[in-house]
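The next block holds one structure in the form of structure tokens; read it before the comments.
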Amino acid sequence: MKSRLRDNYLFKCFIVVIICFIIDSTISFFLPYNYTKTGIFIVPCIGLMMFALLVKTIEGEEKYLFASICGLYYSVVYSNSLAIYILVYLMMAFIRTLFKFEKLTLIEAIVFCGSTVLLQEVMLYWIMWITNITRYPVMSFLIMRLLPTLCFNMILSVGVYWVYNKVKIEEE
């Protein structure tokens, strides 16, 4: 019975994250796309921020199963690189276990979500740089992608925090 409740809880968390990924892709549709990589490029990360808030409520090895499923879903549906996002989400789940926040205030949530987005963007850039997938210069990455993405997502994190508190997904 307890296993079934935990499976139901993981399913609810996964559905919430999927909805956030869909919102991300909808927002991306309305943002200008930088084909030439010479202008500002913003990546909405609502799904990642919600994942980071929800993963703290999952205990044990199920946290890594949840991270793997979310990373696999994002990789298959939204990106071209299968292993990178699985690795990123697993690392986020591991790092999240190091920080034990029982209750986050709005300011703490904004800082935490901003840090999560910063960590993801830096990890992705670093992985893509060492595997020669990108040769995008570091300063261009910082000015044209990282800074605008970070500012935009810190604004969105207010809404993510509000939804997280309103949805109240908690383990039965």
Side-chain angles (χ1 to χ4, degrees), residues 13-14 16-29 31-34 37 39-58 63-101 104 106-164:
C13 289
F14 185 64
V16 169
V17 172
I18 286 176
I19 291 169
C20 290
F21 284 148
I22 292 169
I23 293 169
D24 278 342
S25 62
T26 304
I27 291 171
S28 293
F29 180 76
L31 291 173
Y33 188 75
N34 183 11
K37 303 223 188 284
I40 292 175
F41 187 66
I42 297 173
V43 180
C45 298
I46 295 172
L48 175 71
M49 292 185 289
M50 186 60 78
F51 167 81
L53 292 174
L54 285 175
V55 79
K56 87 160 186 76
T57 63
I58 301 170
K63 179 179 299 200
Y64 300 109
L65 173 66
F66 178 61
S68 298
I69 292 170
C70 288
L72 180 65
Y73 176 82
Y74 190 85
S75 294
V76 169
V77 176
Y78 297 105
S79 98
N80 294 341
S81 52
L82 186 61
I84 290 177
Y85 283 96
I86 296 170
L87 178 64
V88 166
Y89 277 76
L90 283 170
M91 289 178 73
M92 293 289 179
F94 175 73
I95 291 169
R96 185 64 174 110
T97 60
L98 302 176
F99 299 101
K100 302 278 185 185
F101 297 116
L104 290 173
L106 177 61
I107 300 299
E108 291 170 337
I110 291 170
V111 170
F112 178 71
C113 289
S115 301
T116 303
V117 171
L118 175 71
L119 184 61
Q120 176 197 321
E121 289 295 313
V122 169
M123 282 175 31
L124 284 175
Y125 181 76
W126 180 73
I127 290 170
M128 292 175 83
W129 181 264
I130 64 169
T131 58
N132 288 328
I133 293 173
T134 189
R135 284 289 169 205
Y136 199 46
V138 174
M139 286 308 292
S140 295
F141 167 73
L142 291 173
I143 295 169
M144 300 299 203
R145 178 174 171 150
L146 184 63
L147 191 58
T149 296
L150 192 58
C151 292
F152 184 73
N153 282 295
M154 289 181 79
I155 293 167
L156 292 177
S157 69
V158 174
V160 171
Y161 177 75
W162 182 80
V163 169
Y164 173 73

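Nearest heavy-atom pair, C113 versus M49, reported as atom, atom and distance to 0.1 Å: CB-SD, 3.5 Å. F21 and C70 get closest at one heavy-atom pair: CE1-O, 4.1 Å. Heavy-atom minimum distance, G47 versus V17: O-CG1, 4.1 Å. Nearest heavy atom pair, residue I27 against residue P44, reads CG2-CG, 3.9 Å.
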message = Please evaluate residues L119 and M92 with respect to the criterion side chain to side chain contact (heavy atoms under 4.5 Å, CB included), reporting the C-alpha separation (whole Å), side-chain torsions for both, the decisive distance (0.1 Å), and the verdict.
response = CA-CA 8 Å; L119 184 61; M92 293 289 179; 3.8 Å; yes
request  = Check the pair F112, K56 against side chain to side chain contact (heavy atoms under 4.5 Å, CB included), reporting the backbone distance first and the verdict last.
outcome  = CA-CA 12 Å; F112 178 71; K56 87 160 186 76; over 6 Å; no
query = Are Y73 and Y78 close enough, and set up right, to give a side chain to side chain contact (heavy atoms under 4.5 Å, CB included), and what steps lead you there?
reply = CA-CA 8 Å; Y73 176 82; Y78 297 105; 3.9 Å; yes
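In summary, the aromatic rings of F66 and Y89 are positioned with their centroids too far apart to meet the 6.0 Å limit.
Cation-pi geometry between R145 and Y125 is not met: the NZ or CZ atom fails to fall both under 6.0 Å from the ring centre and inside 45° of the normal.
Between the R96 side chain and the A52 main chain, a donor and an acceptor come within less than 3.5 Å of each other. At least one donor-acceptor pair closer than 3.5 Å links the side chain of T149 to the backbone N or O of V43. Here the side chain of T26 pairs a donor or acceptor atom with the backbone of I22 at under 3.5 angstrom. In terms of modelled atom types and a separation under 3.5 Å, the side chain of Y161 and the main chain of L104 share a donor-acceptor contact.
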